Amino acid sequence: MRLIEVKHPLVDHKLTTLRRQETPSAVFRQLVDELVTLLAYEATREISVETVDIVTPVQATQGRQLTEPRPIVVPILRAGLGMLEGLMRLLPTAEVGFLGMKRDEQTLEIDTYANRLPEDLSGRQCFVVDPMLATGHTLVDATNFLLEKGASDVTCVCLLAAPEGLKTLEESIGDRANVTVVVAAVDERLNEASYIVPGLGDAGDRLYGIVD
Ligand code: URA
């Protein structure tokens, strides 16, 4: 597993505002969108391209374009939805699949309640978006699910990660597959409720309000 922590003053600035408890939902959503676009630039560095012949108004030349099959973007519902547009802005031809996963706050077990993905992901590059890599269990399940369907590689784009979650993901995936995690920051730790510290709170609630 490869970890990329994106170092950029604009990432730091936006993340700081995102973390503030007084930042309202509308600003929070806008900042998540902007941050994802910055992270997506790094996350797509290894995206598959091919050389093609083209003709400009001046002369024939060669360029590079994304290969088929198209990449697939997988937001983890619900908080991952807040990151979808930011990634699709850079990858407008990508397909979108959905995984609904919810953490039971008592047992911390992951329940997969929705799955809208092609059956066969052979050779597909997958970009999973989920803002908070906390215990890592959601991303372990999501990544294994995509690899079992034949995905060639999986890039997880997250805003924040906890060291504990990164360790869990690393131990589960190891070197058996091409998995990359791209984050704006790795925080200190998880607290007793498995929230990231200092973190930004519940990303889903801050994006969309509280739903029980
Ligand atoms: N999910 C969140 O939304 N926030 C955390 O800190 C951990 C998991």
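Order of appearance sets the numbers: ligands from 1, and atoms from 1 within every ligand. What you are looking at is a predicted structure, and each value in this text was computed from that prediction instead of being measured. Each residue takes its place number in the sequence, starting with 1.
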Are L90 and L84 connected in the hydrophobic side-chain network, where two residues link if heavy atoms are under 4.5 Å apart?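 No, no single cluster joins them.
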Answer yes or no: is there an ion pair linking R19 with D187, defined by an N-O contact shorter than 4.0 Å?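 Yes, charged N to carboxylate O under 4.0 Å.
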Exercise answer: donor-acceptor pairs, residues 138-145 side-chain atoms, under 3.5 Å, sequence neighbours excluded:
{"from": "T143", "atom 1": "OG1", "to": "L139", "atom 2": "O", "distance (Å)": "2.6"}
{"from": "N144", "atom 1": "OD1", "to": "R176", "atom 2": "NH2", "distance (Å)": "2.7"}
{"from": "N144", "atom 1": "ND2", "to": "V140", "atom 2": "O", "distance (Å)": "3.2"}

By the salt bridge (charged side-chain N to carboxylate O under 4.0 Å, His left out) test, which pairs, at least two apart or in different chains, include something from residues 154-167?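 Those involving residues 154-167 are K167-E171.
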Any protein N or O within less than 3.5 Å of an N or O in ligand 1? List each pair with its distance, or say none.
{"from": "ligand 1", "atom 1": "3 (O)", "to": "A203", "atom 2": "N", "distance (Å)": "2.7"}
{"from": "ligand 1", "atom 1": "4 (N)", "to": "G201", "atom 2": "O", "distance (Å)": "2.8"}
{"from": "ligand 1", "atom 1": "6 (O)", "to": "I196", "atom 2": "N", "distance (Å)": "2.8"}

Hey, what else clusters with V52 if you join Ile, Leu, Val, Met, Phe, Trp, Tyr whenever side-chain heavy atoms sit under 4.5 Å?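 Hydrophobic cluster check, V52: joined to I54.
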More than 12 foreign heavy atoms under 6.0 Å from CD of E119: is that the case here?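 Count not over threshold, so no.
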